[in-house]
Amino acid sequence: MLDFFTIFSKGGLVLWCFQGVRGPAATAPVNALIRSVLLQERGGNNSFTHEALTLKYKLDNQFELVFVVGFQKILTLTYVDKLIDDVHKEFRDKYRNEFQQKGALGLLNGTFDFKDDFMRLLRDAEESSKVRAPTVMKTFEQSLKSQKTVKCMIETRGEKQKEKVKNKKNKGSKKEGTEVATAPSKAPAGDKQLSAAGDKEELTKDEILQKNREEFFRRHMKAGEKSRSPKPDTQKEKGKKPRVWDLGNSNAKVLDYSNSATNGSAEACPVEEFDPDMALGDKNREPGRLYDLEYESEDEAEEEKVVQNASKPSAKKGGLGGMFGMLKGLVGSKSLTREDMDPVLEKMKDHLIAKNVAAEIAVQLCESVAKKLEGKVMGTFTTVTSTVKQALQEALVQILQPQRRVDVLRDVMDAQRHRRPYVVTFCGVNGVGKSTNLAKISFWLIENGFSVLIAACDTFRAGAVEQLRTHTRRLNALHPPESHGGRTMVQLYEKGYGKDAAGIAMEAISYARNQGFDVVLVDTAGRMQDNAPLMTALAKLIAVNTPDLVLFVGEALVGNEAVDQLVKFNKALADHSMAQTPRLIDGIVLTKFDTIDDKVGAAISMTYITSKPIVFVGTGQTYCDLRSLNAKAVVAALMKA
Amino acid sequence: ISLTLLLLLCPAVLWRVVQGRRSSRKAVLLLGLCDAGKTLLFARLLSGRYRDTQTSITDSSATYRLSRDKSTNVTLIDLPGHESLRLQFLERFKAAARAIVFVVDSVAFQREVKDVAEFLYQVLVDGTVLRNAPPLLIACNKQDVTMAKSAKLIQQQLEKELNTLRVTRSAAPTTLDTSGGPAQLGKKGKDFDFSQLPMKVEFVECSARGSKGEEGDADLEGLEKWLAKVA
């Protein structure tokens with residue numbers, strides 16, 4: 001009934017393959033499994049569906065093997081898990097020599113003639129699942145009820161009442177004492193009501209109850225004392241110190257937004273004294289370059305220190321005997337078990353959640369890392385903590401690496417060659433910074449010599465069009481047409497308020513094509529992911545206009561909400577699209593990155609959920625505050641204690 | 001107690017130093033996009049037989065003895081090509097690289113030219129690679145298929161693409177690894193050419209599967225000759 005069963009090494013060589021039912025080759029579904037599950041750290045549960053097949057897999061981390069079985073999705077085969085475990089054990093035992101001694105050459109040159117063993121195991125597994133006779137009902141004589149006499153039944157009811165009174169007294173006394181949960185008292189009471197026992201057993205249970213109560217009181221007396229100790233007051237800081245952001249430029253002049261000249265004028269915008277310093281902020285920067293997030297890479301030196309320190313203090317602890325015992329634990333190869341890793345993983349999970357990674361994603365990540373490390377042989381001088389940390393770090397860097405090319409300029413050049421504008425759409429919930437980052441991105445594109453048309457498809461929010469008009473004016477002042485060969489570099493296409501956004505977008509794109517603009521940036525209104533009519537409108541805009549890049553703008557402050565937002569946005573886009581392959585979110589813009597110190601978990605949550613790359617990072621409100629993601633810096637900030 | 005501590009820690013330190021010295025550049029790396037044929041090439045070079053392969057999740061390494069001169073050997077390392085893994089593994093092994101083989105899928109090249117160029121660019125501007133300048137061989141694999149592009153065409157297309165990439169990549173953000181600004185590839189004023197690079201670059205056609213299918217031998221002459229040269 002199986003479609004196929006493959007055994008291959010993690011390095012990519014297929015060691016043995018069984019092709020059951022005459023079907024398509026096993027390579028494509030297994031590749032899909034590898035790419036979507038193992039490489040994206042979704043290895044928590046061990047089954048995966050691909051078209052019509054269900055794939056179940058098992059990793060052997062000691063010898064770096066993967067066992068995959070595939071069968072039709074409609075069948076529910078119960079023996080598959082057991083079969084995989086059995087095959088794993090047999091294969092490993094049979095070819096242990098090849099793996100241990102010869103390494104990769106052993107895998108290449110060895111012949112793995114496993115067919116007979118496999119057929120035997122398969123037959124056993126199939127038989128064991130078939131032979132399970134239906135359970136015979138017990139006869140009345142066999143049940144416990146027939147053994148009770150009427151007398152003891154009456155007595156138990158009376159006893160039960162007595163017990164209830166006792167428990168009530170229990171609860172009352174406890175309430176006077178400390179304020180504690182009554183769960184332990186309920187547990188023995190529950191036990192009593194379930195059992196219908198004879199006289200003898202009642203007495204012993206009574207004793208047990210008494211003992212439990214005493215212990216319980218004892219424990220909580222101690223805890224009560226501890227909690228009552230007064231908490232020390234923390235001294236308030238004398239005077240306020242100005243906050244310094246690590247990842248941004250600290251230009252005090254830029255942060256002063258109180259410009260008295262522009263308040264209160266309603267009509268056409270006043271021609272303000274345009275100060276290029278204030279807009280650009282950073283004087284010494286290369287025009288057109290997108291800098292990276294600055295992060296001190298002292299962490300690398302720190303990590304090495306940590307590893308060495310971990311080995312040294314553990315060696316110094318205790319006397320000679322204790323020292324040798326500790327060293328024995330460090331040196332020598334032992335394989336990691338689930339019990340060893342669990343406390344470390346719990347700590348890492350809490351650490352990640354404290355750094356603003358969404359809770360369910362932290363759980364899934366830790367599960368996946370556990371699966372990857374189970375059974376792995378640790379080298380000498382490595383502790384469980386360091387191995388787990390290392391694996392988690394690699395997993396995080398892997399998640400943040402983009403799965404496809406992230407080169408907007410290259411794609412714009414391509415579109416330029418085909419004489420059509422490159423359309424980018426920004427979507428997101430309210431207040432994340434779509435319009436601000438749109439202005440920053442258009443500034444960056446202008447610096448690189450592309451002309452931009454901004455389409456004001458936010459026809460709902462008051463002042464949205466004026467905001468974009470102000471940005472357009474400023475950008476044109478910074479890059480006047482004279483310095484670009486007479487071309488206006490940026491222009492605004494707007495049709496006022498209250499109109500249909502999708503229609504405006506379509507008109508804007510055809511206008512851009514006629515006038516020869518290189519890029520069209522479409523700004524949409526912010527909308528909550530639960531708002532069905534607005535999500536439909538957004539999906540329509542994207543489905544009708546088929547932009548080249550759909551960017552989801554999310555702020556870095558968001559926590560568990562990020563998962564919900566992205567999932568619902570993607571779902572709405574998929575549901576309302578008529579095409580075979582719907583246009584989903586292609587990239588993420590992470591904004592307000594300067595406001596989070598090192599709680600950078602939102603980046604992980606967003607990339608994990610969509611597996612799409614973070615294209616830009618916004619780190620401030622001036623035009624130069626546009627960066628790209630540096631995966632190592634973010635992971636270093638995340639793993640920092 | 002401190003004496004015993006010193007005695008115990010000495011061998012550990014020595015062992016680490018020795019290991020560091022031993023792994024001087026002896027490795028030949030097999031790089032390339034996913035599905036380029038690296039693992040099959042690896043299997044063919046080492047054992048001569050055809051093996052089925054899946055997407056690699058981790059690296060495989062083995063010692064390769066040259067077919068003519070059995071005394072010299074190099075360590076062949078096959079790195080995974082998947083996007084989320086390739087840079088991590090490159091980081092790990094680039095310092096030990098004596099030579100680099102960049103495997104290109106000649107059949108899907110037209111479609112994937114931008115991705116191939118981007119990965120090649122990332123390899124070429126890497127600080128360690130520029131410093132050591134290991135000889136680079138671009139192996140145009142899958143020549144047994146009739147639609148495969150020739151090595152000359154691939155070279156021209158790559159040069160054109162890398163020329164454009166120089167401009168876009170220096171305007172786009174770079175990682176903090178390249179100290180200062182992004183490394184300049186080739187000469188500034190002129191169009192990009194592989195001869196402008198500090199390392200020797202060669203193009204070779206090969207076929208890991210072989211023209212006779214799975215039973216026959218692979219067509220790896222050019223590759224083996226080049227390996228003999230660099231070993």
Side-chain angles (χ1 to χ4, degrees), chain A residues 6 8-14 17 27 30-31 34-35 38-40 64 66 103-105 107-109 286 288-295 297 311-312 315-316 320 323 327 380-381 394 397-399 401-410 413-414 444 447-448 627-633, chain B residues 1-2 4-5 8-9 12 15-16 34-35 38-40 42-44 46-49 51-64 76-88 91 114-115 117-119 161 164-165 167-177 181-182:
Chain A
T6 29
F8 58 95
S9 73
K10 281 192 184 175
L13 290 165
V14 173
C17 177
T27 359
V30 180
N31 271 337
I34 296 175
R35 282 183 209 176
L38 297 176
L39 286 177
Q40 289 184 24
E64 313 249 305
V66 186
L105 277 175
L107 294 177
L108 280 173
N109 294 324
E286 252 177 63
R289 260 199 70 200
L290 209 52
Y291 282 91
D292 218 1
L293 289 172
E294 299 128 25
Y295 206 84
S297 57
S311 54
K312 279 195 200 139
K316 288 187 187 140
L320 270 178
M323 186 165 64
L327 283 180
T380 53
F381 287 110
E394 281 174 11
V397 174
Q398 210 174 300
I399 291 176
Q401 292 286 2
Q403 302 267 348
R404 60 177 192 85
R405 274 178 329 115
V406 176
D407 199 351
V408 178
L409 291 178
R410 185 77 191 79
M413 277 194 203
D414 241 3
W444 174 64
E447 296 239 296
N448 281 299
R627 304 266 183 273
S628 93
L629 189 73
N630 181 355
K632 286 204 204 91
Chain B
I1 281 189
S2 52
T4 43
L5 279 172
L8 285 161
L9 289 172
W15 168 70
R16 261 189 224 158
C34 237
D35 275 346
K38 305 180 285 298
T39 310
L40 183 56
F42 182 74
R44 280 289 203 184
L46 288 173
S47 75
R49 292 189 304 174
R51 300 298 292 265
D52 278 322
T53 55
Q54 300 285 161
T55 312
S56 320
I57 327 177
T58 180
D59 59 296
S60 346
S61 61
T63 350
Y64 170 67
L76 269 186
I77 304 186
D78 167 36
L79 302 180
H82 195 265
E83 295 85 9
S84 35
L85 295 175
R86 54 166 86 135
L87 289 177
Q88 260 181 318
E91 283 289 309
K114 292 203 205 103
D115 300 305
E118 196 202 18
F119 189 24
E161 189 63 30
T164 356
L165 266 186
V167 175
T168 58
R169 277 325 200 95
S170 56
T174 55
T175 59
L176 283 168
D177 287 11

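Letters A, B, ... are given to chains in the order of the sequence lines, protein chains preceding strands, and every chain is numbered from 1. Computed from a prediction, not measured in an experiment: that's the story for all the values here. Just so you know, these numbers use all the heavy atoms, side chains as well, and skip hydrogens, waters and symmetry mates.
Considering only heavy atoms from C-beta on, B/K38 stays 4.5 Å or farther from B/L79 through its side chain. With a 4.5 Å cut-off on side-chain heavy atoms, B/S84 and A/Q398 count as touching.
B/L87 touches chain A through its side chain: at least one heavy atom from C-beta onward sits under 4.5 Å away, while N, CA, C and O do not. Residue B/K114 touches chain A through both its backbone and its side chain, counting heavy-atom pairs closer than 4.5 Å. If you measure heavy-atom distances from B/D78 to chain A, the contacts under 4.5 Å come from the side chain alone.
A donor-acceptor pair under 3.5 Å is absent between the side-chain atoms of B/S61 and the main chain of B/I77, judged by distance alone.
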* To do: Would you please test A/R410 and B/E161 for salt bridge (Lys or Arg N to Asp or Glu O under 4.0 Å) and show each step?
  => CA-CA 10 Å; A/R410 185 77 191 79; B/E161 189 63 30; 2.6 Å; yes

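Counting heavy-atom pairs under 4.5 Å between each of B/T58, B/T53, B/L165, B/L40 and chain A puts B/T58 at the top. Among A/V14, A/V408, A/D414, A/V397, the residue with the largest count of heavy-atom pairs under 4.5 Å with chain B is A/V14.
Considering all non-hydrogen atoms of both residues, A/G12 and B/T39 come closest at C-CG2, 4.1 Å.
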